[in-house]
Amino acid sequence: MKNITFSVDEYLLKRAKDKAAQEHRSLNELFRFWLESWLRQEKKGVEYDLLMDDFSSVCEAGGHYSRDELNER
């Protein structure tokens, strides 16, 4: 693991440490969790775009239908 250093307001750091302690977690653990979640969001966007590309042929399957045509059974 790589160590990094941050600059943060003293009051903010105290509040973060207190909240982490209440959750029985460390700031390091919470930061790693946040970083992984943040990076997964980007991946989800790419996956969504690929999925929509796959479905593009479905949207073009039959053209435009009227309300009556859509409601026919």
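If you chain together hydrophobic residues whose side chains sit under 4.5 Å apart, Leu27 and Val8 fall into the same group.
Listed by first and then second residue, the salt bridge (Lys or Arg N to Asp or Glu O under 4.0 Å) pairs involving residues 18-31 are Lys14-Asp18, Lys19-Glu23, Arg25-Glu29 (not counting sequence neighbours).
Shown here for Ala20 and Leu30, the closest heavy-atom pair between the two residues is CB-CD1, 3.6 Å.
With sequence neighbours excluded, the residues forming a side chain to side chain donor-acceptor pair (under 3.5 Å) with Arg40 are Ser37, listed by chain and number.
The environment of Phe31 atom CZ is dense: over 12 non-hydrogen atoms of other residues, nucleotides or ligands sit within 6.0 angstrom. Counting heavy atoms of neighbouring residues, nucleotides and ligands inside a 6.0 Å radius, atom CH2 of Trp34 exceeds 12 of them.
Between the CG atom of Asn28 and the CD1 atom of Ile4 there is a distance of 8.5 Å, given to the nearest 0.5 Å.
Residues Phe6 and Leu13 are not in side-chain contact: their nearest non-hydrogen atoms beyond the backbone lie 4.5 Å or more apart.
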